[in-house]
Amino acid sequence: MQLFYNEFIEENSTEISFDKEESKHIVKVLRKHLGDTLFITNGKGWLFEAIVKSDNEKKCIATICKSIHREKHFYQLHLAVAPTKMNERYEWFLEKATEIGIDQITPIICEHSERTFVKTERFERVILSAMKQSLQTYKPQLNQPISFAEFIEKNWKGQKFIAHCEKTNRIELTSELQKSTCDNILILIGPEGDFSSAEIEKSIAKDFLPISLGNNRLRTETAAIVACNAVSILKKTTLNK
C-alpha cells in the first residue's frame with residue numbers, strides 16, 4: 001500500500017486534489033489512472049480511501065469513498081534530544097523513532113552542543129516520509145529548537161527522565177518503566193559531550209530521574225532510539241498482560 005499525506009483533509013471531506021509535484025508522482029511514477037484507489041492520511045489518525053477522478057499529472061483529483069479512524073497507542077512519548085554534529089545522524093534518529101512510534105520531539109541546545117543552529121524544515125520532511133513509509137496515520141510533533149535552560153523550566157507533567165553518562169546514582173530505564181503505571185513519558189538525551197554537571201543537577205532539581213540506558217557508551221542518536229524502543233516494547237507488553 002502506498003500512503004499519501006494531506007494535512008487539510010478532514011473526516012467529512014468528499015474530494016481531494018494533489019499539488020503538481022504529488023500529482024506527477026501519482027500519475028507518472030505510480031501509474032495511477034481513472035478508477036484506481038489511493039490511500040491518504042491527514043496525520044491525525046484518519047485513513048482515507050479515495051478513487052482517482054482525474055489523472056491529470058498537473059492536478060490529480062480523487063473522490064473519497066471511505067474514512068477510518070485508527071486508535072493511537074495509549075502512551076505519550078516525548079524525546080528531547082540534543083542535535084548531533086552531523087545532521088544525517090539526527091535525521092536517522094527521526095526516521096527510526098517515527099517508525100517505532102513517538103509522539104513529540106524537541107531539539108534541545110545544551111552547554112556541550114556542537115550544533116546550535118537547527119533547520120527544522122528538512123527534519124519535518126524526514127518525519128513525514130518515515131510516517132508514510134511505515135503506514136502510520138499519526139504524524140509526530142516536531143517542536144522548535146530550545147535551549148536546555150528554557151526547556152527545563154517548563155511545567156512538564158508525567159514521568160521525567162534524563163539519560164547521562166556520569167558515574168553517579170542512576171536507575172535503569174527499563175526497570176523504572178516496568179514498575180510504573182504512568183503513560184506520559186519525557187526523556188532527555190544529551191549531546192556527544194553529554195550533559196554538563198550543572199544541567200544534570202538542574203534537571204534533578206526539577207524532578208527528572210537520572211537514568212542509564214545500559215553499560216555501553218552510546219551515541220546521541222543511538223541512545224534516543226534505545227530509549228524510544230524500550231518505551232514502545234515495555235508499554236505494549238504491559239497492555240497485553
Side-chain angles (χ1 to χ4, degrees), residues 1-81 83 87-88 90-107 118-146 184 224-225 228-229 231-232 235-236:
M1 184 174 86
Q2 178 81 32
L3 186 62
F4 296 91
Y5 171 74
N6 187 300
E7 63 178 316
F8 301 110
I9 190 172
E10 299 293 343
E11 177 186 359
N12 57 357
S13 298
T14 57
E15 191 173 273
I16 180 173
S17 59
F18 297 90
D19 61 27
K20 185 177 179 180
E21 182 179 349
E22 192 127 64
S23 294
K24 185 176 181 180
H25 180 69
I26 292 170
V27 178
K28 285 291 188 179
V29 179
L30 299 178
R31 300 181 184 279
K32 296 289 186 179
H33 300 294
L34 292 177
D36 287 343
T37 301
L38 301 176
F39 294 95
I40 311 144
T41 183
N42 59 2
K44 303 168 189 172
W46 286 96
L47 177 66
F48 302 92
E49 185 176 329
I51 304 299
V52 176
K53 175 182 176 182
S54 170
D55 55 4
N56 188 313
E57 64 180 78
K58 293 183 178 180
K59 188 178 181 180
C60 178
I61 301 173
T63 301
I64 297 169
C65 57
K66 186 188 297 184
S67 59
I68 302 170
H69 189 263
R70 291 180 172 178
E71 291 298 321
K72 197 175 188 180
H73 55 231
F74 67 94
Y75 61 90
Q76 288 287 317
L77 174 59
H78 181 181
L79 290 186
V81 185
N87 263 338
E88 291 83 359
Y90 204 86
E91 290 171 7
W92 178 84
F93 145 65
L94 293 172
E95 179 183 78
K96 302 311 172 189
T98 300
E99 291 176 9
I100 294 168
I102 192 169
D103 303 286
Q104 195 172 165
I105 302 158
T106 302
V118 177
K119 290 184 178 180
T120 57
E121 293 84 358
R122 167 68 183 172
F123 289 171
E124 285 282 9
R125 290 196 294 271
V126 170
I127 289 172
L128 180 57
S129 177
M131 181 197 74
K132 294 192 294 183
Q133 186 276 328
S134 54
L135 302 180
Q136 297 191 57
T137 56
Y138 286 92
K139 183 174 176 288
Q141 177 181 329
L142 176 65
N143 299 320
Q144 288 299 309
I146 186 173
N184 191 358
I225 291 302
C228 182
N229 197 48
V231 172
S232 175
K235 286 300 178 182
K236 289 174 183 176

Looking only at non-hydrogen atoms, find the nearest pair between [X] and [Y] and report the distance.
X      : Y      : answer
Cys228 : Ile100 : SG-CG2, 3.9 Å
Thr98  : Ile127 : CG2-O, 3.7 Å
Ala224 : Leu79  : O-CD1, 3.5 Å
Thr120 : Pro145 : CG2-CD, 3.8 Å
Leu77  : Gly101 : CD2-O, 4.2 Å
Leu38  : Ala62  : CD1-CB, 4.2 Å

For residues 8-15, run the donor-acceptor check on the side chains, cut-off 3.5 Å, and write out each pair with its distance to 0.1 Å, sequence neighbours left out.
residue, atom, partner, partner atom, Å
Ser13, OG, Glu10, N, 2.9
Ser13, OG, Glu10, O, 3.2
Glu15, OE1, Lys53, NZ, 2.7

Do [X] and [Y] come within less than 4.5 Å of each other through their side chains, counting heavy atoms only?
X      : Y     : value
Val52  : Thr37 : no
Ile51  : Leu34 : no
Val126 : Trp92 : no
Asn42  : Asn6  : no
Phe39  : Gln2  : no

Open item on the list: Under the criterion side chain to side chain contact (heavy atoms under 4.5 Å, CB included), I'd like the reasoning laid out for Asn56 against Val27: C-alpha separation, chi angles, the key distance, then a yes or no.
Closed with: CA-CA 7 Å; Asn56 188 313; Val27 178; over 6 Å; no
What pairs with [X] under ring-ring contact (aromatic ring centres under 6.0 Å, His included), at least two apart in sequence or on another chain?
X      : answer
Phe123 : Tyr90
Phe18  : Phe4
His33  : none
His25  : none

- [ ] With side chain to side chain contact (heavy atoms under 4.5 Å, CB included) as the test, would you mind laying out the steps for Asp55 and Cys60 before giving the verdict?
- [x] CA-CA 5 Å; Asp55 55 4; Cys60 178; 5.6 Å; no
[X]: what forms a side-chain contact (heavy atoms from CB on, under 4.5 Å) with it, not counting sequence neighbours?
X      : result
Asn143 : His78, Gln104, Thr106, Gln141
Ser17  : Lys59, Ile61
Glu121 : Lys119, Arg125

Task: Of all pairs that satisfy salt bridge (charged side-chain N to carboxylate O under 4.0 Å, His left out), the ones with a partner from residues 16-34, not counting sequence neighbours - done: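 Non-adjacent pairs meeting salt bridge (charged side-chain N to carboxylate O under 4.0 Å, His left out): Lys28-Glu57.
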Open item on the list: Applying salt bridge (charged side-chain N to carboxylate O under 4.0 Å, His left out) as the test, list every pair that has at least one member in residues 62-78; sequence neighbours left out.
Closed with: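 Counting only pairs at least two positions apart or across chains, the salt bridge (charged side-chain N to carboxylate O under 4.0 Å, His left out) contacts touching residues 62-78 are Glu49-Lys66, Lys72-Asp103.
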Task: Sequence-distant partners of Lys139, side chain to side chain donor-acceptor pair (under 3.5 Å), two or more places apart - done: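 Per chain and number, Lys139 pairs via side chain to side chain donor-acceptor pair (under 3.5 Å) with Glu124.
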Open item on the list: Between Thr41 and Trp46 (side chain of the first, backbone of the second, donor and acceptor by atom type, cut-off under 3.5 Å), is there such a pair?
Closed with: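 Between the backbone of Trp46 and the side chain of Thr41 there is a qualifying donor-acceptor contact (under 3.5 Å).
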Open item on the list: For Ser232 and Tyr75: C-alpha separation, side-chain torsions, deciding distance, then whether side chain to side chain contact (heavy atoms under 4.5 Å, CB included) applies.
Closed with: CA-CA 9 Å; Ser232 175; Tyr75 61 90; 3.6 Å; yes
Task: Listed partners of Glu91 passing salt bridge (charged side-chain N to carboxylate O under 4.0 Å, His left out), at least two apart - done: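 Per chain and number, Glu91 pairs via salt bridge (charged side-chain N to carboxylate O under 4.0 Å, His left out) with Arg122.
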Task: Interatomic distance, Ile102 atom CD1 to His73 atom NE2 [nearest 0.5 angstrom] - done: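 If we round to the nearest 0.5 Å, Ile102:CD1 and His73:NE2 are 8.5 Å apart.
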Task: Separation between CD1 of Ile40 and CD1 of Ile64, rounded to the nearest 0.5 Å - done: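 Ile40 CD1 to Ile64 CD1: 6.0 Å, rounded to 0.5 Å.
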